Number of protein chains: 2
Amino acid sequence: MEVKLPEFDSVFSIDCVIFGFEAGELKILLIERNEEPFKDWLALPGYIVEQNESIDTAAERILYELTGLRDLHMEQFHTFGEVNRHPQGRVITVAYYALIRINGQKELRPVTQYAKKAFWHPVSELPKLAFDHSEIFKTGFNKIRRRLSYQPIAFELLPEKFTLTQLQMLYEAILSKKLDKRNFRKKMLSYGFLKELDEKQKGVSYRAAKLYKFDKRKYTKIFQSELTVEV
Amino acid sequence: MEVKLPEFDSVFSIDCVIFGFEAGELKILLIERNEEPFKDWLALPGYIVEQNESIDTAAERILYELTGLRDLHMEQFHTFGEVNRHPQGRVITVAYYALIRINGQKELRPVTQYAKKAFWHPVSELPKLAFDHSEIFKTGFNKIRRRLSYQPIAFELLPEKFTLTQLQMLYEAILSKKLDKRNFRKKMLSYGFLKELDEKQKGVSYRAAKLYKFDKRKYTKIFQSELTVEV
DNA sequence: ATTACATCGTGTTAAATATACACATTATCT
DNA sequence: AGATAATGTGTATATTTAACACGATGTAAT
């Protein structure tokens with residue numbers, strides 16, 4: 001049965017493309033919708049912006065309400081404003097992305113009834129998504145790729161301690177191409193923001209690799225300053 | 001006398017940062033407002049999006065109405081959504097930029113009464129602008145700079161035929177730094193999309209420089225394909 | 001204890017690109 | 001004819017990127 005909702009005037013919404021990395025695969029966060037239109041469809045976590053909140057704040061709130069995730073740094077990447085992108089009226093949506101560490105323990109749980117559930121889904125073989133969310137995802141994925149080539153943003157996806165091979169696999173997953181092991185390591189280490197730990201990988205049935213962690217300070221120092229020029 | 005306008009609900013608007021280059025200086029297009037709030041202030045060309053037009057279409061229409069300019073390729077670069085950025089209510093604005101050739105002949109003439117006039121203003125020493133337009137400009141300028149370093153977008157600002165020195169001056173204006181003449185030329189020519197003409201600069205009181213033009217085909221072939229990856 | 005296995009960790013060479021740097025040439029003007 | 005002002009050009013060095021293979025190490029099985 002299709003539920004008819006009232007038509008509305010101009011509305012802003014937020015949609016989130018949240019990337020995670022698990023079991024060697026790049027994934028994004030999806031929800032199953034519990035509201036018309038597109039009830040029961042899969043969609044990016046997204047909802048309507050309130051009158052009294054900035055869009056950045058709205059993005060955080062909405063992601064939390066639909067997935068239970070909070071305190072992640074999201075960045076807006078594009079605004080989608082085709083007239084008929086929403087079947088019930090004019091909705092312009094600002095799309096945000098974030099890269100986060102998938103924490104297996106932590107359950108994803110919507111805190112509103114707008115989503116039935118939230119879950120991670122591999123970016124390869126994404127199903128059809130509600131609205132124009134497939135296009136939003138694609139745009140976001142391309143931004144991430146482009147950005148990865150000039151800024152090391154991949155650390156946000158890995159656990160605190162990681163091996164260089166894990167880091168390389170992640171790069172390969174995002175860029176969809178193989179990289180040379182020796183050159184990759186040389187370059188990553190040359191940046192100077194990887195800290196070698198006195199610790200090794202555990203529980204593998206072969207020679208364990210060294211663990212590294214990411215020195216956020218140095219990273220910020222090196223890369224943040226390049227980004228903006230005061231006018 | 002202050003005119004009190006009705007409060008409104010959520011509204012989308014567009015603001016445009018249009019760059020031009022004239023007399024060795026980088027300029028942007030400003031209007032003088034003829035409406036409250038900020039009546040008589042200088043501002044970026046911008047106005048409200050209609051219900052039945054996409055934001056891209058709105059951007060073209062609004063720029064035309066406020067300045068008389070049309071048919072330029074604008075690109076959205078950021079959306080500004082602070083709650084109080086507009087004194088009369090909630091207005092979220094999508095900012096667009098474009099780089100265009102300043103055509104001295106063509107008069108800038110608003111076709112609505114919302115702007116008293118439109119004119120080019122050097123980006124150095126910009127006055128205070130209405131709303132958060134100074135911030136919007138700054139964000140746009142930084143995007144352009146970043147983009148210029150990995151994509152040759154400067155040609156859109158020059159007349160059809162230009163000298164290499166003019167091109168270099170433009171790069172220097174955008175990047176705010178001096179470049180080496182020989183290296184600059186070597187690199188530009190190596191791209192292969194500059195076509196050397198059988199013509200020289202006219203009307204200078206010194207040795208005239210060769211004129212070049214920009215081969216859009218080759219340019220597109222080389223640079224467009226790098227931009228997007230199909231998923 | 002030996003062996004098989006799987007991944008780790010490492011260095012060199014060649015090619016391409018980026019940087020630094022100075023002066024003779026040419027057209028115009030007086 | 002000479003002064004002026006900008007054009008147009010080449011080389012040497014440093015840096016970055018790319019290509020490429022194998023011995024070392026820890027685990028597990030016998």
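Side chains included, hydrogens not; waters and symmetry mates left out as well; all remaining heavy atoms used. Everything numeric in this text was worked out from a predicted model, so none of it was measured.
With sequence neighbours left out, the ring-ring contact (aromatic ring centres under 6.0 Å, His included) criterion links A/F131 to A/F38, A/H86, A/H133.
Atom CD in A/Q201 sits about 11 Å away from atom P in C/dT7, given to the nearest Å. Here the C1' atom of nucleotide D/dA18 and the CG atom of A/D180 are 8 Å apart, to the nearest Å. Between the CZ atom of A/F162 and the C1' atom of C/dC8 there is a distance of 16 Å, rounded to whole Å. Distance, B/K210 NZ to C/dA27 C1': 14 Å, rounded to whole Å. As a whole-Å value, the separation of B/K177 NZ from C/dT19 P is 8 Å.
A heavy-atom distance below 4.0 Å to DNA chain D is reached by these residues of residues 202-209 of chain B, ordered by number: B/Y206, B/R207, B/A209. Near DNA chain D, meaning a heavy atom under 4.0 Å from it, residues 182-198 of chain B has B/R182, B/R185, B/K186 in order of number.
Contact of the B/I174 side chain with the B/L157 side chain is registered, since non-hydrogen atoms from C-beta on lie closer than 4.5 Å. Side-chain contact between B/L108 and B/K117: absent, with no pair of heavy atoms (C-beta onward) separated by less than 4.5 Å.
In this pair, A/Y97 and A/F77 present their aromatic rings parallel. The plane angle is below 30°, not in the 30 to 60° band. Classification of the B/F193-B/Y219 ring pair by plane angle, with boundaries at 30° and 60°, yields perpendicular.
With hydrogens and angles left out, the side chain of B/K181 and the base of D/dG8 share a donor-acceptor pair within 3.5 Å.
A donor-acceptor contact under 3.5 angstrom links the side chains of A/R185 and A/T165, judged on distance only. At a cut-off of 3.5 Å, with distance as the only test, no side-chain donor of A/D71 or A/Y64 sits close to an acceptor on the other residue. Side chains of A/Y47 and A/D15: no donor on one and acceptor on the other come within 3.5 Å.
B/T163 comes within 4.0 angstrom of nothing in the nucleic acid, heavy atoms only.
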